[in-house]
Amino acid sequence: MKCDVLNTPFTNCPHADFVDKAVRAAFAESLEKLKGSLPLKVPVVVSGQKRFEGRTRPRYCPSQKDWQVAAVTLATQEDVDRALAAAARAWGEWRDLPVEERALLLDKLADRIQADRFDLAALQTLEVGKPWREADADVTEAIDFCRYYARRALVELAPRPQGNVWGERNTLWYEGRGVAAIIAPWNFPLAILTGMATAALVAGNAVLIKPAGQSSAIGYGLYERMIEVGFPPDVVHFIPGPGSEIGDYIVEHPLIAMIAFTGSKEVGLSLIRKAGNTKPGQAQVKKVVCEMGGKNAIIIDDDADLDEAVAGVMKSAFGYAGQKCSACSRVITVGQVHEPFVKRLIEACRSLHIAPAHDPACQLGPVIDEGAYQRLNGVIANPGDGATPLYIGTPPSDDGFFVAPALFAVQDPRHRLMQEELFGPILAIYQAKNFDEALEVAVSTEFALTGGVFSRSPSHLEAAKKRFRVGNLYLNRGCTGAMVDRQPFGGFGMSGIGTKAGGPFYLLSFADPRCVTENTMRHGFTPDIPPEA
Amino acid sequence: MRVALVLIVELKKRPITRGRTTTSTRTIFEGVIIMAPSSLQAKILQTAEALTERMKGEKPSLFSKSRWLRLILDLAMEDHEFKVDMFHFVDALPMLTTNEQVSQHVRDYRLHEKRALPLWASAVFKMASNPLTAAPAVATIRTIVTEIAKTFIVGRDTAEALATLRRLHEEGFAFTTDLLGESTVSAAEARQYQARYLDLIRCLAQEVPRWQADAVIDNNHLGPIPRANISLKLSALEAHLDSVDTEGSVARLKERVLPIFLLAQQNNVFVNLDVETWELHGITYDLFEEIVTHPDLRSYPHVGIVVQAYLKTAHEDMQRLLDLVRKRGTPITVRLVKGAYWDYEVVHARQHGYPCPVFTRKADTDANYERLTVMLLQHFEELSPAFASHNLRSLVHALVQAEERNVPPLAYEVQMLYGMAEPERKAVRSMGRRVRVYAPIGELLLGMAYLVRRLLENTANTSFLRSRYHEGTDIASLMATPQSSISFNG
Ligand SMILES: Cc1cc2nc3c(=O)[nH]c(=O)nc-3n(C[C@H](O)[C@H](O)[C@H](O)COP(=O)(O)OP(=O)(O)OC[C@H]3O[C@@H](n4cnc5c(N)ncnc54)[C@H](O)[C@@H]3O)c2cc1C
């Protein structure tokens, strides 16, 4: 098996270097080309058979409500049945392939995505309203997941000897569990989908890909490239459709062996419940890999560098309109830093350039859809008692679902703005008396995903490492933008079950360990005893 | 300001590269034959010796003025850990409002436990570390750091600065001044900054005509030049600068910067655009081009921009400026520097997987500086050269090359930072060359990022001033031709 390429060390795919004029031009060209081909038609694909007929749902551009980006064919329960049956049949052969073969496919997929990186990023600006830089970062993260998991698979899935006793040989290895449902979110439409799907595949599972309704065209972009590089059509199926209609059906299906999910806490918990409900004919206990929300805080210590702190909070709170699970939605200021910090933050919010995401000048784009738009505006209008508005921006137009930044001062750490994940450009600010209280408040939610501290006090940073217990803690930088391998990503508490995407041992969550023990003693002889030295 | 921190974190020991040239006559770009390096080198040595003769016994205020500054620099150069702790402490100091906070930071950075400090110094830190005795010690620390900052900053505000600038002028030195500040995170801050600049121009325009004339610094080879000279940092004039939207960034900046240039022209004030990080490089050059080709500014010669020799694109940058001058038909000034953001650029490129925009061998930067020096001198009528460096080799090389090419002495100038290389600056001036001092104005504590950057620059292993004044390296070795492996065939 030729897999020299996999023996090279992993390196992150560089983000687009927009300093280079040619790079900017290439992105713009992809965007223009794409605009000319809308709306994209997204089929259901079972065993390589595309179906465009039947019920479809339009997807509009969140920056420009009347602009149709895609027509998404909706999968039916019957599609799911056929896909699962085919996947279950194909799974065994896929699982038993040498791991190098599957890993190489991941590496090829990475190359394929990289070749089309700006097409895939441009599509994100239109389908999910992600600004240029962030759309590009999502694509590079997808590439990173492929390359990283390909390399980790060779290490983590390889058989390893256990124990060291003459007369017996023990071998432990991990192998696929069966058919995995990949239920992906729209906020990192390519990266998270690719990460979960390729982890499942390289570990030896067949997959049903169910993209989010808001990002099905991007999901299809991934599916098409997977098939092109050689993933078997019976091993990967593409099942777009509303979660409410086919989501539960997939999760509860007896042929599903595991579920990889990233999304809200509500959906995640209900999915865990449903997966725990054993159906007649079900072959195994379903395993769930689940990444849920966050209510992430950044602490601004009283000795913080405010230049850095304001910039870090702006990026973490309003990057992709706050629609990242890692986004900062609480700021905790320490003592007298509150006033100067808030003053500068308000002005920074006021100058944020709100624009369609496909405009390279966009600093804050739209939120994902009408539902989010209504919900967030509702919260801004009625944040609940005890929230004092510090700044409420005005969106530039209602051509798209633009929600301007909203800052609230809150005195009670239990206030809903300090507890509920809102997934939008809304930031609660709490003034703590001292650093100690700031740490207490920081961990006073049910979530434990990301967090940040801006401080120039080594003892405070040390205390934060111990007591600011979240999956990803960032010291003196913003709390978003985890990179594969460098910052393995994921939380615990109600933020997830403790897996680390883009980190070591993530793949093992997608596999079952098996151990084989062979007695090598025959008639009193064993080859294990070395000849006398 | 952001850069300073990155620089602190990335303090690294780098070897000093020295060597001697042995090559014979070679062709430098554009087909110009320069004299055999050996005879050039002889002249360089000769001039360097003449200059050092004039500097005998003098040390830059950096290495002499305040006992504390000298102490900090000495310790920082001896003890890497101390350097990091001390500079981190100084960096945070402006934000610390209570004695208790300062006391805690002294403990946090273990300044009270530092070895090798003179008794009186460690006594101050020990007192400061104890909350009960902190008050007087903290006051002392603040006074000292403020004193140190004064070495590099000409005044807290324009009024204070004008007195110093006037004194400088009396001593025979021209100036360029800039306003220090926090980094700009909002439009409001950018507008404020712009207003301060407009104000500065008006103040300078009123003040400088009252000064005594000085033929060397008030003129170039063609006649009078503005006495008032300002330097602008674009990152302070607009919060929304992003290469992804280069066109938009340039357009937004133009709105803020154009009024400054127009007012400067009305008041006969020179305006220079400082060049910052690579990320803003394209934006800065595009903006400069738009501004100086603006119909109202086209014929105004008192504008300038910076070329950073550590950039791999520096030669193209120079070429672009030459084309620009030919297009607009009026000369500009080019301040040739090595580049102040070396650590940041290297780290940033590595972290993002971008090609590194700067040379990574000091000798390459030095050699490129010399090559660009020659290019500037070849085109001095279009690109008025301003050699900004504290490196005596780089400067002497420029002086000698200018002489070889019969470039009139007032057709170019030498620039140095306030507080940094006074002996060099006096010596060059005494040879009848125009010397301009880069003089920042700002709140002393807010200028801390600037201060820390200067301290780092001067304690870096590769720093010329360090080898000359701290390590006492002899002049002949310091004058060695930079040995670069890069082939320059621009
Ligand atoms: C009047 C004046 C104005 C200035 N304006 C600007 C400006 O607008 N923009 C700006 O960026 N800088 C500016 N500078 C700073 C300048 O770029 C240098 O950082 C500083 O002058 C030190 O260089 P030197 O020649 O004096 O000393 P030297 O000690 O000879 O050189 C130090 C410089 O060498 C380079 N260097 C160090 N290590 C390496 C390495 N390993 N590989 C490659 N190169 C290395 C770096 O550029 C470093 O600053 C200005 C300086 C002066 C004096």
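Small disclaimer: the values here were computed from a predicted structure and weren't measured. Computed from heavy atoms alone, side chains included, the values below leave out hydrogens, waters and symmetry copies.
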To the nearest 0.5 Å, how far apart are [atom1] in [X] and [atom2] in [Y]?
{"X": "B/S183", "Y": "A/D305", "atom1": "OG", "atom2": "CG", "answer": "7.5 Å"}
{"X": "B/Q104", "Y": "A/D302", "atom1": "CD", "atom2": "CG", "answer": "7.5 Å"}
{"X": "A/S457", "Y": "B/Y109", "atom1": "OG", "atom2": "OH", "answer": "7.0 Å"}
{"X": "B/T184", "Y": "A/D307", "atom1": "OG1", "atom2": "CG", "answer": "8.5 Å"}
{"X": "A/H460", "Y": "B/D108", "atom1": "NE2", "atom2": "CG", "answer": "6.5 Å"}
{"X": "B/M95", "Y": "A/S455", "atom1": "CE", "atom2": "OG", "answer": "10.0 Å"}

Quiz prompt | Shortest non-hydrogen contact between B/A187 and A/S351, atoms and distance | solution = N-OG, 3.0 Å
Exercise. Return the minimal non-hydrogen interatomic distance between B/V244 and A/R133, and the atom names on each side.
Key: N-NH2, 3.7 Å
Crowding at [atom1], [X] (>12 non-hydrogen neighbours, <6.0 Å):
{"X": "A/K315", "atom1": "NZ", "answer": "no"}
{"X": "A/E29", "atom1": "CD", "answer": "no"}
{"X": "A/K21", "atom1": "NZ", "answer": "no"}

Practice problem: With a 4.5 Å cut-off on heavy-atom pairs, point out which of A/R350, A/M483, A/R486 contacts chain B the most. | Solution: A/R486
Quiz item: Based on non-hydrogen pairs under 4.5 Å, which of A/A304, A/S459, A/P131 is most in contact with chain B?
Solution: A/S459
Quiz item: Could you name the residues of residues 340-348 of chain A that have a heavy atom within less than 4.5 Å of a heavy atom in chain B?
Solution: A/R344, A/E347, A/A348
Can you tell which part of [X] gets under 4.5 Å to a heavy atom of chain B, answering side chain, backbone, both or neither?
{"X": "A/V337", "result": "side chain"}
{"X": "A/V19", "result": "both"}
{"X": "A/Q336", "result": "side chain"}

Quiz item: What option among B/H281, B/E189, B/R107, B/R252 has the most heavy-atom pairs under 4.5 Å with chain A?
Solution: B/E189
Quiz item: With chain A, which of B/H240, B/E247, B/H105, B/H352 has the greatest number of heavy-atom pairs at distances under 4.5 Å?
Solution: B/H240
Exercise. Begin from the C-alpha positions of B/T246 and A/R24 and carry the test side chain to side chain donor-acceptor pair (under 3.5 Å) through to its verdict.
Key: CA-CA 9 Å; B/T246 296; A/R24 300 197 295 273; 3.1 Å; yes
Practice problem: Could you look at B/E279 and say if it's the side chain, the backbone, both or neither that has a heavy atom under 4.5 Å from chain A? | Solution: both
Self-check item: Region of B/P357 that comes under 4.5 Å of a non-hydrogen atom in chain A
Solution: neither
Self-check item: Backbone of B/L93 reached by a side-chain donor or acceptor of A/R456 within 3.5 Å
Solution: no
